[in-house]
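Data first, discussion second: the structure below is written as structure tokens.
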Amino acid sequence: MKVAAVIIILLATVVGVVPQFTNCQYSGKAIELPSGKSLLMKCHRTARAEIALAVPLLLCGVSLLVSRRKESWRPQAALTIVLGLFVVLLPTVLIGVCVKPGMVCRALMKPTLTLAGILVIALGALCFLLGSRQRREAK
């Protein structure tokens with residue numbers, strides 16, 4: 001259980017940090033309007049939104065790591081699963097990334113976040129099952 005919590009903490013760090021350096025805005029690319037203004041690209045908004053998921057995911061991992069009561073594992077693991085689902089949905093369905101296949105966000109950010117989200121979901125499910133098993137054994 002503690003190993004899974006540490007991995008969740010590491011994945012939360014990946015979710016929060018990697019998009020900040022693999023979005024097109026960071027690479028100096030932006031959409032220029034005829035008026036001279038530049039628009040934030042979808043990948044930049046996805047990178048910002050991933051921070052909002054990384055912080056509670058990090059807290060879930062820390063909570064799973066330091067939790068002494070096995071009854072608290074299930075709700076924390078359920079929240080971890082939901083956050084992992086949103087980590088996957090943000091770059092794929094909800095906000096998205098740039099459409100061009102050669103863009104850094106499409107080549108690096110989207111696959112990294114998808115893999116990290118799937119791993120978070122799997123680890124959350126594992127913790128949920130371990131919490132269920134511990135609860136039955138205690139009865």
Side-chain angles (χ1 to χ4, degrees):
M1 180 65 160
K2 303 297 180 187
V3 173
V6 170
I7 295 172
I8 289 170
I9 292 169
L10 293 174
L11 288 170
T13 305
V14 167
V15 166
V17 172
V18 168
Q20 307 314 312
F21 299 107
T22 58
N23 67 56
C24 295
Q25 199 83 9
Y26 179 78
S27 302
K29 298 176 184 164
I31 298 174
E32 289 289 329
L33 298 176
S35 64
K37 292 184 178 181
S38 64
L39 263 174
L40 292 177
M41 299 177 95
K42 287 171 36 173
C43 61
H44 183 71
R45 288 180 287 195
T46 298
R48 292 279 174 97
E50 291 291 348
I51 293 172
L53 291 174
V55 171
L57 187 58
L58 181 72
L59 293 175
C60 281
V62 169
S63 180
L64 284 167
L65 183 66
V66 299
S67 177
R68 294 181 189 265
R69 299 186 68 197
K70 297 186 180 22
E71 298 86 24
S72 63
W73 287 359
R74 285 183 54 171
Q76 293 167 4
L79 181 58
T80 301
I81 292 169
V82 171
L83 290 170
L85 179 66
F86 279 109
V87 167
V88 173
L89 289 177
L90 273 177
T92 57
V93 177
L94 296 176
I95 297 175
V97 294
C98 298
V99 180
K100 292 183 181 179
M103 302 298 260
V104 67
C105 59
R106 192 163 185 91
L108 291 174
M109 183 168 75
K110 185 177 178 181
T112 302
L113 290 175
T114 304
L115 178 63
I118 290 169
L119 290 173
V120 166
I121 292 168
L123 289 168
L126 175 70
C127 292
F128 189 85
L129 292 174
L130 288 174
S132 297
R133 189 183 75 184
Q134 296 289 345
R135 190 171 160 199
R136 278 190 299 233
E137 288 174 3
K139 287 185 178 182

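Rounding to the nearest 0.5 Å places CG of Leu115 at 4.5 Å from CG of Leu119. Note that CE of Met1 and CG of Leu123 are 10.0 Å apart. Values are rounded to the nearest 0.5 Å. In this structure, OG1 on Thr80 lies 10.5 Å from CG on Leu59, to the nearest 0.5 angstrom. To the nearest 0.5 Å, atom CD1 of residue Ile81 and atom CG of residue Leu126 are 9.5 Å apart. In this structure, the separation between CG on Leu90 and OG1 on Thr114 is 10.5 Å, given to the nearest 0.5 Å. Leu113 contributes atom CG, which lies 8.5 Å from atom OG1 of Thr46 (distance to the nearest 0.5 angstrom).
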Between Ile9 and Leu65, is the side chain to side chain contact (heavy atoms under 4.5 Å, CB included) condition met? List the steps.
CA-CA 9 Å; Ile9 292 169; Leu65 183 66; 4.1 Å; yes
Criterion side chain to side chain contact (heavy atoms under 4.5 Å, CB included) on Ser67 and Gln76, from CA distance to verdict:
CA-CA 10 Å; Ser67 177; Gln76 293 167 4; 4.2 Å; yes
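Hydrophobic cluster membership for Val18: Val14 (Ile, Leu, Val, Met, Phe, Trp, Tyr linked by side-chain heavy atoms under 4.5 Å, directly or transitively).
When the side-chain contact (heavy atoms from CB on, under 4.5 Å) test is applied to Val17, the partners found at least two apart in sequence or on another chain are Thr13, Phe21. Among residues two or more places apart in sequence or in another chain, the side-chain contact (heavy atoms from CB on, under 4.5 Å) test is passed with Ala12 by Leu57, Leu58. Qualifying salt bridge (Lys or Arg N to Asp or Glu O under 4.0 Å) partners for Arg69, counting only residues two or more places apart in sequence or in other chains: Glu71.
For residues 97-126, the set of pairs meeting the salt bridge (charged side-chain N to carboxylate O under 4.0 Å, His left out) definition, not counting sequence neighbours, is empty. Screening residues 45-64 for salt bridge (charged side-chain N to carboxylate O under 4.0 Å, His left out), with sequence neighbours left out, gives no hits.
In terms of heavy-atom proximity, Pro75 sits nearest to Ser72 at CD-O, 3.4 Å. Nearest heavy-atom pair across Ala49 and Ile95 is CB-CD1, 3.9 Å. Nearest heavy-atom pair across Leu64 and Ala77 is CD2-N, 4.5 Å. In this structure, Leu79 and Cys60 approach most closely via the heavy-atom pair CD2-SG, 3.4 Å. The minimum heavy-atom distance between Met109 and Pro19, with the atom names listed, is SD-CB, 3.4 Å. Nearest heavy atom pair, residue Ile51 against residue Gly16, reads CG1-O, 4.1 Å.
Put simply, Leu85 and Val93 are part of the same group of oily side chains (I, L, V, M, F, W, Y) that touch within less than 4.5 Å, one to the next. One hydrophobic cluster, built from ILVMFWY side chains closer than 4.5 Å, holds both Val3 and Leu130.
In this structure, the side chains of Val87 and Val120 stay at 4.5 Å or more apart for every pair of heavy atoms.
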